[in-house]
Amino acid sequence: MSNTPTAHNSAKAGDFAKTVLMPGDPLRAKYIAETYLENPRQVTAVRNMFGYTGTYKGKEISVMGGGMGMPSVGIYSYELFNFYDVDQIIRIGSAGALQDHLKLMDVVIGMGACTDSNYVYQYGLPGTFAPIADYDLLNRAVETAKRQGTNVVVGNVLSSDVFYNANPNVNDLWRSMGVLAVEMEAAALYMNAAKAGKKALCMLTISDHLYTNEFLSAEDRQLGFGKMMEIALELA
Ligand SMILES: Nc1nc(Cl)c2ncn([C@@H]3O[C@H](CO)[C@@H](O)[C@H]3O)c2n1
């Protein structure tokens, strides 16, 4: 009989730090743990969704993959907040730019997260919920970026359930509302945090541009993530 609270995570109580960085890709979680954390130890590997805990500049911090899409991040972040007593989750991901002023490698912070997902319907609200970032985390991320000389763009992002959208005009519609970039996880993370009374922030590196059709090479993706990582690690 397992004594872990969930089939998706084999970590024991106390294995996770209060702050968890959450890339989509578990291999990036492994890379982050091995590259940035002191004494990283793997705390879960269920379905190869790796999670690690270590320290950064003496502060305990964890990193765990969340997968692609809101159902996946919805599971892992819900469990971290509600079963593992995690206080804040910072998503560090990639996104496609919807605005001309954005350039590849820019760091975007999702102050809000629009969505086309049904995820919000579970709460039975009589209106439109606004999934938003935690202000304290947002403010600290912007201040840290300034200190590091990294330009960040703060605004609305779109968390879509669809990567290959059948509607050819969908990007133009979101673009017309000033939405900065499209990804697939932030809204569910923000809703889970709101419901659990916890904190969340989504930071994104622009890896594709949906209007210039530029996209980052694999090595530039890695490089671009470094700037975002240096900010995220300071938020523990
Ligand atoms: N819809 C969508 N579109 C574009 Cl142009 C993206 N660029 C990066 N992502 C992120 O990368 C994964 C899809 O490649 C998702 O986890 C998503 O969050 C994107 N998701």
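In each ligand, atom 1 is the first atom listed, and ligand 1 is the first ligand listed. Below, each value reflects all heavy atoms present in this structure, side chains not excepted, and no hydrogens, waters or symmetry copies. The shown structure was predicted, so the numbers you read here are calculated from the model rather than taken from an experiment. In this chain, residues are counted from 1 in sequence order.
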Among protein heavy atoms, which lies nearest [atom], and at what distance?
atom: atom 12 (C) of ligand 1; answer: Met68 SD, 3.7 Å
atom: atom 7 (N) of ligand 1; answer: Asp208 OD1, 3.0 Å
atom: atom 9 (N) of ligand 1; answer: Ser94 O, 3.5 Å
atom: atom 18 (O) of ligand 1; answer: Glu185 OE1, 2.6 Å
atom: atom 14 (O) of ligand 1; answer: Phe163 CE1, 3.4 Å

Exam field: side chain Ser62 to backbone Ala17, donor-acceptor pair closer than 3.5 Å: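 Checked: pair present.
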Donor-acceptor contact present, side-chain Glu38 to main-chain Lys57, <3.5 Å: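 Yes.
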Step-by-step side chain to side chain donor-acceptor pair (under 3.5 Å) determination, Gln88 to Thr19: CA-CA 5 Å; Gln88 46 190 37; Thr19 299; 2.9 Å; yes
OH/Tyr56: more than 12 non-hydrogen atoms of other groups inside 6.0 Å: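 Yes - once you tally the heavy atoms of other residues, nucleotides and ligands closer than 6.0 Å, there are more than 12.
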Which of the ligand 1 atoms, numbered from 1, are nearer than 4.0 Å to a heavy atom of Leu210: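 In order of numbering, the contacting atoms are 5 (Cl).
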Interfacing atoms of ligand 1 (cut-off 4.0 Å, heavy-atom, Gly96):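 Heavy-atom distances to Gly96 below 4.0 Å select 4 (C), 5 (Cl), 6 (C), 7 (N).
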His8 and Tyr76 aromatic ring geometry - parallel, tilted or perpendicular at 30°/60° bounds: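 The arrangement is perpendicular - the two ring planes meet at more than 60°.
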Same cluster (ILVMFWY, side-chain, under 4.5 Å), Tyr84 and Val73: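 They do share one cluster, since a chain of ILVMFWY contacts under 4.5 Å joins Tyr84 to Val73.
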Shared hydrophobic cluster for Val107 and Leu138 (ILVMFWY, side-chain gaps under 4.5 Å):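 Yes, Val107 and Leu138 fall within the same hydrophobic cluster.
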Backbone or side-chain N or O of Met184 under 3.5 Å from ligand 1 N or O: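 Yes, there is a polar N/O contact under 3.5 Å.
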N or O pair under 3.5 Å between Arg91 and ligand 1: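 Yes, Arg91 has an N/O under 3.5 Å of an N/O on ligand 1.
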Contact check, Ala95 vs ligand 1, heavy-atom distance below 4.0 Å: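 It does; at least one heavy atom falls under 4.0 Å.
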